[in-house]
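Read through the structure below, which is laid out as structure tokens, and then see the notes.
Atoms within a ligand are numbered from 1 in the order they appear, just like the ligands themselves. Note that these values count all heavy atoms, side chains included, but never hydrogens, waters or copies made by symmetry.
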Amino acid sequence: MTVVNFEALQQYRRDLHLIPELALEEHQTHAYLLEKIKSWQNDTMRIRTVPELPTAILVRFQGTDPKRTIGYRTDIDALPIAEQTGLPFESTHPGMMHACGHDVHMSLALGLVHYFSQNQPKDNLVVFFQPAEEAKSGGKLAYDLGLFTDEWRPDEFYGIHDQPDLPAGTLSTLDGTLFAGTAELKVAVHGQGGHAAYPHLVKDPIVAASELIMQFQTVVSRSVDPIKGGVVSIGVINGGQANNVIPDDVYFEGTVRSMTRVGLDLMMKRIRQIAAGVALANDITIDVSLESGSYLPVENNSALAQQVITFMQSRDDIDFEVAQPAMTGEDFGYLLQQIPGVMLWLGVNDTHSLHSPKLNIDESALLPGFEALKSLIEWRMAH
Ligand SMILES: CC(=O)N[C@@H](CCC[C@H](N)C(=O)O)C(=O)O
């Protein structure tokens with residue numbers, strides 16, 4: 001029985017787009033999702049929330065003839081970005097926006113929960129609404145809290161991410177590593193400020209931070225095998241308040257990325273070495289924090305990815321393209337290190353990139369995205 005249509009998916013997506021919330025603070029989102037899920041509850045379903053990760057929700061469907069448990073994961077958090085789309089359902093939360101399409105991901109996951117509440121699956125199915133993908137590693141937190149133990153442990157895990165570069169509704173993945181592993185970089189440059197007219201009497205953190213940021217750009221160009229590649233990007237820089245005052249401190253943040261854990265380790269080592277060298281050269285203190293280990297490379301399980309690709313390519317009603325690896329990060333990578341599975345892109349056709357304040361996804365992706373995921377899950381359960 002088909003109970004999910006475009007209008008329903010669009011309504012979920014727009015409702016959720018109005019109320020974006022940051023990592024681990026997704027309380028309104030959680031309440032919205034829970035209310036919908038509870039409205040479909042029946043004897044085949046169990047709904048689980050946990051006090052240690054209060055915005056997470058797990059839904060488990062008992063299979064009719066289970067030989068395994070399939071997992072499906074959506075992220076639920078938003079970004080600290082002030083929306084500039086001008087849409088009638090623009091964010092009502094100042095400075096926050098679903099600029100990475102998690103509203104789309106949640107809409108599809110709600111569609112799946114609604115559908116399987118009316119069509120009991122053959123295998124068991126666990127749908128995981130995960131907080132904190134953009135920051136704070138909700139996937140790892142959930143795993144480390146033991147959310148996926150006993151009957152809640154999927155044997156295989158699937159998830160999607162929207163992709164503005166692909167036509168709306170096109171699915172895409174590859175047999176291999178889809179997304180990079182990332183490390184979050186935080187740097188504090190501590191100098192000794194003073195009057196800008198007397199630079200010889202200060203320890204200038206602005207000059208040191210500038211040198212450091214430019215030197216970091218040599219990590220990829222001089223230390224990483226060009227065939228393998230990597231990314232060092234700075235997204236935050238703060239320091240100073242007046243044009244004629246040299247401040248005491250400068251603070252900046254960025255992200256370091258590689259398709260392999262070995263590559264990421266190398267880049268992190270070079271960043272620490274460069275920071276130590278620039279600190280010495282400027283007679284200044286530089287504190288570097290590099291956190292990795294949660295946003296691991298998103299490595300699709302080879303056997304499962306081949307099956308997904310074969311299935312998608314065999315279906316006339318699914319538009320599918322084999323993907324190229326991307327430097328995007330995802331903490332689904334952490335879950336895929338624990339549980340085999342596959343992440344896919346879903347095309348949402350926009351000229352604006354992910355993380356743009358003008359991202360305006362093409363909602364015609366919603367129904368084909370839902371249908372493809374539902375068909376994939378049902379096909380997998382039949383094999
Ligand atoms: C799909 C996407 O855009 N994911 C984020 C994941 C954030 C990773 C982490 N917070 C970091 O900044 O390294 C991304 O930025 O790729």
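- Selection from E133, E253, E291, E184 by nearest heavy atom to atom 9 (C) of ligand 1 gives E184.
- Atoms of ligand 1 lying under 4.0 Å from at least one heavy atom of H355, given by number and element, are 2 (C), 3 (O), 14 (C), 15 (O).
- The closest approach between any non-hydrogen atom of L354 and ligand 1 is not below 4.0 Å.
- Of all the atoms in ligand 1, the ones that sit under 4.0 Å from a non-hydrogen atom of T328 are 1 (C), 2 (C), 3 (O), 16 (O).
- The option with the heavy atom closest to atom 4 (N) of ligand 1, from among G329, S353, S137, is G329.
- Aromatic ring centres of F332 and F179: separated by at least 6.0 Å.
- Counting the atoms of ligand 1 from 1 in the order shown, those under 4.0 Å from a heavy atom of T182 are 8 (C), 9 (C), 11 (C), 13 (O).
- A heavy-atom distance below 4.5 Å is not found between the side chains of R60 and R48.
- Residue contacts with ligand 1, taken as heavy atom pairs separated by less than 4.0 Å, involve T255 solely via side-chain atoms from C-beta onward.
- Heavy-atom proximity to H161, at under 4.0 Å, picks out these atoms of ligand 1: 1 (C).
- E134 OE1, 3.4 Å is the protein heavy atom nearest to atom 5 (C) of ligand 1.
- Checking Q273 against R270 by side-chain atom types alone, a donor-acceptor pair falls below 3.5 Å.
- Those atoms of ligand 1 that come under 4.0 Å of a heavy atom in C100, given as number and element, are 1 (C), 2 (C), 3 (O).
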